[in-house]
Amino acid sequence: MIPLFDLTRQYERIRGEILNAIDKLISSGNVILGENVRRLEEEIASFTGVKHGVGVASGSDALLIALRAMGVEKGDTVVTTPYTFFATASAPYRLGARVIFVDVDESTFNMDLNQLEHVLKKEKVKAIIPVHLFGRTVDLEALSFLREKYGVMILEDCAQSMGSEWKFSSGEIRKSGSVGDAAIFSFFPTKNLGTYGDGGMIVTNSDEIAEESRILRVHGARKKYFHEKVGYNSRLDEIHAAILRVKLRYLERWTEERTRVARTYQKLFEEKKLPVVYPRVEEKGFRYHVFHQYVVLFENEEVRERVREGLKERGIQTAIYYPLPLHLQKCFRDLGYQEGDFPVAESLSKRSLALPMFPELRDDEIKEVVDTIALFL
Ligand SMILES: Cc1ncc(COP(=O)(O)O)c(C=O)c1O
């Protein structure tokens with residue numbers, strides 16, 4: 001059996017350190033918003049290259065709280081893509097904002113910035129939520145340009161892209177999460193930096209957005225029991241922060257290993273000359289992709305399903321991210337979209353397949369995956 005993702009192999013490598021960190025934390029008796037959350041916030045802000053980090057209960061909550069802290073409210077317009085995890089769009093929707101989707105670019109799976117600019121020319125948009133999908137960075141320079149030109153706010157969804165980078169024409173290299181007014185991370189177990197449960201973080205250079213997020217995560221109270229607004233119970237637990245602080249020290253090594261896995265897939269796909277579109281480990285001199293997922297494209301749905309069944313028969317796990325684009329979800333019917341509105345997202349949802357990807361995946365396993373794909377093609 002070759003899993004899509006395996007937490008247990010990673011745990012074997014760090015078990016002692018994790019158990020020590022948990023033991024130390026519980027022995028301290030201080031398990032809510034203490035030293036570990038504070039230090040993790042500093043470490044992740046510094047890793048991203050921004051001023052503040054605010055730990056919250058999940059990536060989904062981070063999106064909701066960040067948008068509110070940025071001043072998004074009922075009636076505002078927020079733009080994102082229909083080809084992402086549900087929470088990216090449900091967050092503005094829950095705040096009563098009008099959600100507009102923009103199709104993605106087939107070669108990157110990310111928001112098509114030309115189509116975004118068409119929308120910005122026509123509509124009064126309050127905020128954009130670009131998603132660095134599967135770990136691949138959206139063009140940060142183009143995003144900064146649009147932000148300035150149209151005076152629109154940006155919330156980067158970095159749930160899948162921790163550590164990914166973009167090189168500006170000035171030569172400067174910046175991480176995803178450092179360009180928007182704010183950005184969010186998810187620490188869901190499968191993420192590149194994940195805990196053993198749920199967690200998330202908002203990062204920002206803005207003192208106001210950080211302060212507002214800190215208030216919103218504790219029921220809208222700056223001072224305990226004195227509520228300025230109706231907020232949420234959405235703290236990052238100390239136990240998760242303690243675990244994440246251990247794991248953050250390994251992130252660089254794990255990202256290298258994910259890149260090694262992607263490179264091995266690439267070499268095998270190249271050798272076999274298979275009719276499969278796969279992401280390339282381009283040697284651009286910067287880390288534009290951190291391979292949260294390794295997603296390939298087949299010619300059509302029939303071929304994808306045949307290969308997927310074949311892999312399943314041989315005990316190889318795969319997943320479809322995402323089988324139904326968000327504009328076609330039942331709960332978003334009132335947004336007024338229909339089939340055909342976003343042809344690229346619709347086509348990707350029928351042709352894409354996520355293959356096993358995690359730092360500990362072995363070369364012989366990767367070979368077996370590719371050999372099996374070749375067999376069923
Ligand atoms: C792109 C994207 N945004 C947001 C989220 C939400 O994160 P969480 O699962 O921590 O709520 C996820 C996680 O699955 C995600 O992949």
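Whatever order the structure lists ligands and atoms in, that order sets their numbers, starting from 1.
Atom 2 (C) of ligand 1 has its closest protein heavy atom at A159 CB, 3.4 Å. Of the protein's non-hydrogen atoms, the one nearest atom 13 (C) of ligand 1 is K191 NZ, 2.9 Å. Remark: minimum distance from atom 5 (C) of ligand 1 to any protein heavy atom is reached at F85 CD2, 3.5 Å. Of the protein's heavy atoms, S186 OG, 4.0 Å lies nearest to atom 9 (O) of ligand 1. Ranking the protein heavy atoms by distance from atom 16 (O) of ligand 1 puts Q160 NE2, 2.8 Å first.
Counting heavy atoms closer than 4.0 Å to ligand 1, residue S60 contributes atoms from both its backbone and its side chain. In D61, neither the side chain nor the backbone holds a heavy atom less than 4.0 Å from any atom of ligand 1. Residue contacts with ligand 1, taken as heavy atom pairs separated by less than 4.0 Å, do not involve L133 at all.
Between F134 and Y321, the angle of the ring planes lies from 30° to 60°, which puts this pair in the tilted group. Between Y337 and H327, the angle of the ring planes goes over 60°, which puts this pair in the perpendicular group of the 30/60° scheme.
Side-chain atoms of I22 and I239, non-hydrogen and from C-beta on, do get closer than 4.5 Å to each other. Within the 4.5 Å cutoff, the side chain of L375 has heavy atoms near those of the R314 side chain. A 4.5 Å side-chain heavy-atom check between H289 and P279 finds at least one atom pair inside the cut-off.
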Chi angles and distances behind the ring-ring contact (aromatic ring centres under 6.0 Å, His included) call for F86, Y93: CA-CA 11 Å; F86 178 69; Y93 186 91; 8.5 Å; no
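In the vicinity of V131, heavy-atom distances shorter than 4.0 Å reach the ligand 1 atoms 1 (C). Listed by number with element, the atoms of ligand 1 under 4.0 Å from a non-hydrogen atom of T88 are 3 (N). If you number the atoms of ligand 1 from 1 as listed, the ones under 4.0 Å from a heavy atom of T84 come out as 1 (C).
Checked by atom type, the side-chain pair S164/S176 shows a donor-acceptor distance below 3.5 Å.
Classification of R308 and E305 as a salt-bridged pair holds, one side-chain N sitting under 4.0 Å from a carboxylate O.
Ligand 1 has an N or O atom lying under 3.5 Å from an N or O atom of D157, backbone or side chain. Considering backbone and side-chain atoms alike, G59 places an N or O below 3.5 Å from some N or O of ligand 1.
None of R136, K167, E165 except one satisfies the side chain to side chain contact (heavy atoms under 4.5 Å, CB included) rule with Y288; the exception is R136.
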